[in-house]
Amino acid sequence: MNISEGMNPRQMEAVEYTEGPLLILAGAGSGKTRVLTHRIAYLIEEKQVPPYQIMAITFTNKAAQEMRERVDRIVSFGAEQVWVSTFHSSCVRILRRYADRIGYGNNFTIYDTEDSKTLMKAIIKKLNLDTKTFKDRSLLSAISAAKNEMISPEQYRKDAGIDWKLRKIADVYDEYQEQLRSNNAMDFDDLLVNAVELFTQCPEVLESYQERLRYLMVDEYQDTNTVQFRFISLLAQKYRNLCVVGDDDQSIYKFRGANIENILSFEKIFPDAKVVKLEQNYRSTGNILSAANEVIANNKGRKEKKLWTENGDGPLVNYRQFLTGFEEAEYIAGEISKKVRTEHSRYRDFAVLYRTNAQSRLFEEKFLMANIPYKIVGGINFYARKEIKDLLSYLKVLDNAEDDLAVQRIINIPKRGIGAASIGKAQEWADFHGISFFDALLEAEMIPTMGRAASKIRSFTSLIEVMRAKAEYLSVKEILELVIEETGYVAELQAEDTEEAQARIENIDELISKIVTYQDETENPTLGGFLQDVALVSDIDSVDEDSDYVLLMTLHSAKGLEFPHVFLAGMEDGIFPSYLTITSDDPGDLEEERRLCYVGITRAMKELTMTSAKQRMIRGETQYNKTSRFVREIPRELVDMGRTFEEVKQKPQVDPQPKSGLYGAMKSLYQTNSFQPRQFKVTKADHLDYEVGDTVRHVKFGVGIVKAIVEGGKDFEVTVEFEKAGVKKMFASFAKLKKI
DNA sequence: CTCTTGAAGGTTTTT
DNA sequence: CCTTCAAGAG
């Protein structure tokens with residue numbers, strides 16, 4: 001394949017400039033992923049660079065995977081040897097080999113936010129801190145901020161001076177790191193910090209990577225923080241082939257330590273850097289782009305640029321205001337149904353973006369009612385669910401005996417009669433003798449204060465040891481099944497016989513299938529490998545391009561994605577921009593919020609609709625908000641205001657009643673199926689696991705009895721009489737009915 | 001030691 | 001609103 005095919009001169013310039021530092025300022029939709037993939041292809045095919053000497057850092061695992069696939073398509077061989085991954089995964093990969101050089105075991109555990117919080121609570125207790133003045137959350141964010149700036153506990157203490165509170169935080173920071181180390185665990189920030197630490201302490205390790213990774217590329221460079229920058233510049237130091245791609249207008253992760261200076265002063269740091277600007281947008285219509293340009297122009301201190309496009313103007317940007325969030329959601333659901341029915345759109349062409357995860361609820365409710373297939377990205381992580389964390393903790397304990405936190409989580413799950421008091425005693429013993437918590441448990445009989453809990457602890461430790469011995473010879477899936485078997489975890493849930501327990505069992509089944517997928521896709525699957533993958537997945541990674549559903553997510557999650565139709569919901573001052581940024585005395589906060597808006601607008605290819613509600617329930621209280629200032633920053637002539645709210649009220653476009661809404665949506669589905677020849681991505685099951693007369697459960701409507709099943713062309717139409725919701729007709733593939 | 005109950009308090013955004 | 005935490009009974 002010809003590498004220059006379909007590329008504009010600017011893009012080619014970036015592709016062909018392979019030696020020395022290069023900054024690509026790539027506006028939204030300017031084809032930066034294309035440039036990166038073609039650049040990799042160019043290096044391999046034209047410059048004869050061995051693929052394993054190329055490293056590309058992306059923002060999410062999904063982006064990494066996509067990039068690899070795209071390179072694979074243009075390059076004849078070797079795409080799989082290119083090192084493509086996120087900062088965090090890259091660091092883990094390096095640390096798995098060399099963590100022992102800096103005092104960790106190579107099988108270290110990765111702590112997620114919840115683990116960190118648990119640990120922090122224990123520390124607050126241990127150091128006897130006043131929980132009013134020292135909150136776990138704020139302590140953790142102080143520590144995280146310090147780590148992102150590569151400030152060690154010692155340095156933090158020095159900087160604290162005589163400030164009493166800061167000195168206390170330094171104590172906490174110190175203790176926190178100490179504990180992590182003795183648990184052989186790292187939190188997210190440690191992965192970066194420790195990789196840099198490794199490079200600094202072991203120059204020979206650094207050099208081996210410098211030699212190996214001679215061509216470096218960093219995507220979403222505007223969102224790198226100080227440690228990440230340090231990591232990448234250490235690697236680039238020797239050969240100086242560093243190519244970074246970013247857009248200062250899309251920097252939205254300041255709260256995570258992103259340092260916008262990294263991109264703004266790239267040319268100062270690398271005076272010989274070449275700069276290429278990509279300003280032609282291939283994604284959006286002219287009107288959408290103008291709206292985006294107008295909004296972002298209100299920010300100061302940005303690199304001057306103006307995106308342009310050869311695409312037509314397209315329709316105006318829509319703005320609709322509603323009385324309540326309820327109606328807003330109903331409108332969006334109705335619009336999507338209508339467009340799927342009347343235009344050649346599919347569900348996957350739509351995305352609903354909002355500022356906070358909490359806003360997803362209303363949409364979920366309405367979409368369920370309207371039978372619109374959807375997927376919510378973000379919110380509570382699958383791996384953060386109780387039942388999943390419990391089982392994973394067992395796996396962690398089997399994998400890393402020093403992970404005290406995991407041991408403490410499961411020691412009394414299921415109930416073994418080992419309570420907080422006994423755990424405290426064992427912990428004291430462990431602290432006193434300088435051994436791990438699990439080792440203290442092994443000596444439980446020797447702990448004088450322990451009493452009769454000792455025998456219970458004995459049976460727990462032997463359970464673990466027996467399982468650990470067996471695990472040597474088992475696959476990851478078999479290990480999990482062993483844990484489930486030995487602990488009776490699922491059996492206990494089955495005995496509960498509640499809807500909630502049933503849902504948990506389903507989650508556990510999903511965990512098992514995730515393990516199977518991991519085993520199938522990984523060359524050399526191990527327990528540790530699986531746990532590591534799990535720790536670093538983000539929700540967006542699981543979005544499947546081939547399936548047909550509407551995506552619901554926060555503006556942050558939407559970064560890097562594009563959709564023909566985008567809804568920006570909750571465009572209200574106080575929601576977006578959020579109340580906190582409006583009241584903040586740092587004007588930079590509002591600018592970051594505006595960049596977030598810019599990101600949102602530029603996700604849209606063909607049509608953009610912004611919506612707001614006059615009143616909205618927040619934490620059980622009704623709030624009255626003005627239209628977002630960001631909407632008002634868009635010139636009136638670019639905006640279609642639609643009918644006013646009152647007019648809409650009189651002549652509803654959407655059926656206001658849930659019942660008729662449901663019916664209408666169903667009808668629309670049916671019509672789409674019948675008159676649209678294009679394959680409507682509904683996978684019709686060849687049989688249903690329930691039949692007429694069976695009792696089934698629906699996520700929304702609850703329990704009911706199947707009254708009729710009609711086989712349609714594309715799907716089964718099922719009629720169910722629900723105990724509470726009455727009689728409903730629905731399509732089998734969307735309704736996801738479960739026989740009970 | 002476990003379970004229930006009630007009150008209090010808290011909110012962006014994520015690897 | 002929804003989760004989390006403390007206190008009290010069994």
Side-chain angles (χ1 to χ4, degrees), chain A residues 57-64 85-92 110-114 116-118 121 125 131-132 135-138 140-141 144 147-148 186-192 220 223-225 227-228 251-258 325 353-362 377-381 383-384 386 412-424 451-453 456 532-541 553-559 570 574-584 589-590 592-593 595-597 599-600 616-623:
Chain A
I57 302 224
T58 57
F59 203 68
T60 62
N61 294 303
K62 179 168 179 271
S85 65
T86 63
F87 271 109
H88 292 270
S89 311
S90 300
C91 292
V92 171
I110 301 167
Y111 277 3
D112 64 19
T113 353
E114 199 192 314
S116 303
K117 213 168 146 185
T118 311
K121 279 180 185 152
K125 204 168 268 175
T131 50
K132 292 260 171 4
K135 302 244 161 59
D136 45 16
R137 264 181 64 113
S138 57
L140 281 169
S141 64
S144 176
K147 287 182 181 178
N148 286 329
M186 300 186 193
D187 66 14
F188 287 134
D189 302 316
D190 284 336
L191 298 174
L192 269 310
E220 307 285 7
D223 284 319
T224 51
N225 60 34
V227 218
Q228 289 169 337
S251 165
I252 54 173
Y253 279 101
K254 188 171 149 208
F255 71 92
R256 204 166 85 185
L353 310 181
Y354 36 77
R355 180 65 238 267
T356 62
N357 281 307
Q359 288 168 261
S360 66
R361 278 194 114 79
L362 279 173
V377 176
I380 335 115
N381 190 326
Y383 294 102
K386 248 182 257 119
N412 205 26
I413 295 176
K415 301 267 179 295
R416 299 187 173 91
I418 307 170
S422 308
I423 294 174
R452 58 193 153 69
K456 294 170 184 163
Q532 160 186 323
D533 276 16
V534 155
L536 296 176
V537 290
S538 75
D539 214 17
I540 196 83
D541 298 337
M553 65 189 128
T554 62
L555 288 149
H556 282 89
S557 302
K559 184 162 92 150
I575 305 283
F576 185 39
S578 79
Y579 181 72
L580 282 167
T581 51
I582 294 176
T583 51
S584 163
D589 288 348
L590 188 67
E592 170 134 330
E593 205 83 344
R595 290 194 290 270
L596 192 55
C597 182
V599 167
R616 188 180 288 277
M617 284 282 269
I618 304 280
R619 302 218 280 282
E621 302 216 321
T622 307
Q623 264 186 27

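Chain A is the first sequence line, chain B the second, and so forth, proteins listed ahead of strands; every chain is numbered from 1. Hydrogens, waters and symmetry mates are skipped; everything else that's a heavy atom, side chains included, is used.
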Which part of the nucleic acid does A:Asn61 contact within heavy-atom distance under 4.0 Å: base, sugar-phosphate only, or nothing? nothing
note: A:Ile423, atom CD1; B:dC1, atom C1'; distance rounded to Å ~ 11 Å
How long is the span from the CD atom in A:Glu220 to the CZ atom in A:Phe59, to the nearest 0.5 Å? 6.5 Å
Residue among A:Asp189, A:Asp190, A:Asn225 satisfying side chain to side chain donor-acceptor pair (under 3.5 Å) with A:Lys147: A:Asp190
Which residues share a salt bridge (charged side-chain N to carboxylate O under 4.0 Å, His left out) with A:Glu593, sequence neighbours left out: A:Arg355
Are any of A:Arg137's side-chain N or O atoms less than 4.0 Å away from OP1 or OP2 of B:dT12? yes
So which one's nearest nucleotide on DNA chain B is more toward 5', A:Ile418 or A:Asp589? A:Ile418
Round to a whole Å and report the spacing from CD1 of A:Ile618 to C1' of C:dC2. 14 Å
Pick the C1' atom in C:dT4 and in B:dT13, then give their distance to the nearest Å. 22 Å
Selection from B:dT15, B:dT14, B:dT12 that lies nearest to any side-chain heavy atom of A:Phe255: B:dT14
A:Ile252 atom CD1 is separated from B:dT14 atom P, nearest whole Å, by 9 Å
Give the nucleotide from the list C:dC1, B:dT13, B:dT14 with an atom nearest to the side chain of A:Arg355. B:dT13
Looking at B:dC1, I'd like to know if its phosphate oxygens (OP1 or OP2) sit under 4.0 Å from a side-chain N or O belonging to A:Ser422. yes
Using a 4.0 Å heavy-atom cut-off across all strands, classify A:Arg361 as base, sugar-phosphate, or nothing. sugar-phosphate
What nucleotide, of B:dT15, B:dG10, C:dC1, holds the atom closest to the side chain of A:Lys135? B:dG10
Rounded to whole Å, please give me the gap between CG in A:Leu192 and C1' in B:dT14. 13 Å
Interatomic distance where CD belongs to A:Gln228 and C1' belongs to B:dT14 [whole Å]: 12 Å
A:Asp136 CG to B:dG10 C1', straight-line distance once rounded to whole Å: 12 Å
Considering every strand and a 4.0 Å limit on heavy-atom distances, what is the contact class for A:Asn412: base, sugar-phosphate, or nothing? sugar-phosphate
Rounded interatomic separation in angstrom, taking NZ from A:Lys125 and C1' from C:dA6: 11 Å
Looking only at the side chain of A:Met617 (C-beta and beyond, no hydrogens), which of the listed nucleotides B:dC3, B:dT14, C:dC1 gets closest? C:dC1
Within the structure shown, what part of the strands sits under 4.0 Å from A:Lys456 by heavy-atom distance: base, sugar-phosphate, or nothing? nothing
Determine, stepwise, if the pair A:Lys117 / A:Glu114 fulfils salt bridge (charged side-chain N to carboxylate O under 4.0 Å, His left out). CA-CA 5 Å; A:Lys117 213 168 146 185; A:Glu114 199 192 314; over 6 Å; no
Please check if atom OH in A:Tyr383 has more than 12 non-hydrogen atoms from other residues, nucleotides or ligands closer than 6.0 Å. yes
Answer yes or no for this row: A:Tyr253 ring on B:dT14 base, centroids under 5.5 Å, planes under 30°. no
Between SG of A:Cys91 and CZ of A:Phe188, what distance do you get to the nearest 0.5 Å? 13.0 Å
Using the 3.5 Å cut-off, write out each protein N or O paired with an N or O of nucleotides 8-10 of chain C and the distance between them.
none

So does A:Asn148 get a side-chain nitrogen or oxygen closer than 4.0 Å to the phosphate oxygens (OP1/OP2) of B:dT15? no
Is A:Ser557 close enough to B:dT14 that one of its side-chain N or O atoms is under 4.0 Å from OP1 or OP2 there? yes
Starting from C1' on B:dT15, measure out to CE on A:Met186 and report it in whole angstrom. 16 Å
Considering just the side-chain nitrogens and oxygens of A:Asn357, establish if one lies under 4.0 Å of OP1 or OP2 belonging to B:dT12. no
Applying side chain to side chain contact (heavy atoms under 4.5 Å, CB included) to A:Thr86 and A:Leu536, what does each step give before you reach the verdict? CA-CA 9 Å; A:Thr86 63; A:Leu536 296 176; 5.6 Å; no
Minimal non-hydrogen separation, A:Ser251 against A:Asp223, with atom names: CA-OD1, 3.5 Å
Students often get this wrong, so: under 4.0 angstrom with heavy atoms, is A:Ala535 touching a base, only sugar-phosphate, or nothing? nothing
Under 4.0 Å between a side-chain N/O of A:Lys559 and OP1 or OP2 of B:dT13, yes or no? no
Contact under 4.0 Å: A:Lys415 side-chain N or O vs B:dC3 OP1/OP2: yes
Note: for A:Arg416 and A:Glu592 on DNA chain B, the residue whose nearest nucleotide lies more 5' is A:Arg416
Nucleotide nearest A:Phe188 (side chain, heavy atoms from C-beta), chosen from B:dT15, B:dC1, B:dT13: B:dT15
Using side chain to side chain contact (heavy atoms under 4.5 Å, CB included), reason through A:Leu140 and A:Arg137 one step at a time and then give a plain yes or no. CA-CA 5 Å; A:Leu140 281 169; A:Arg137 264 181 64 113; 6.0 Å; no
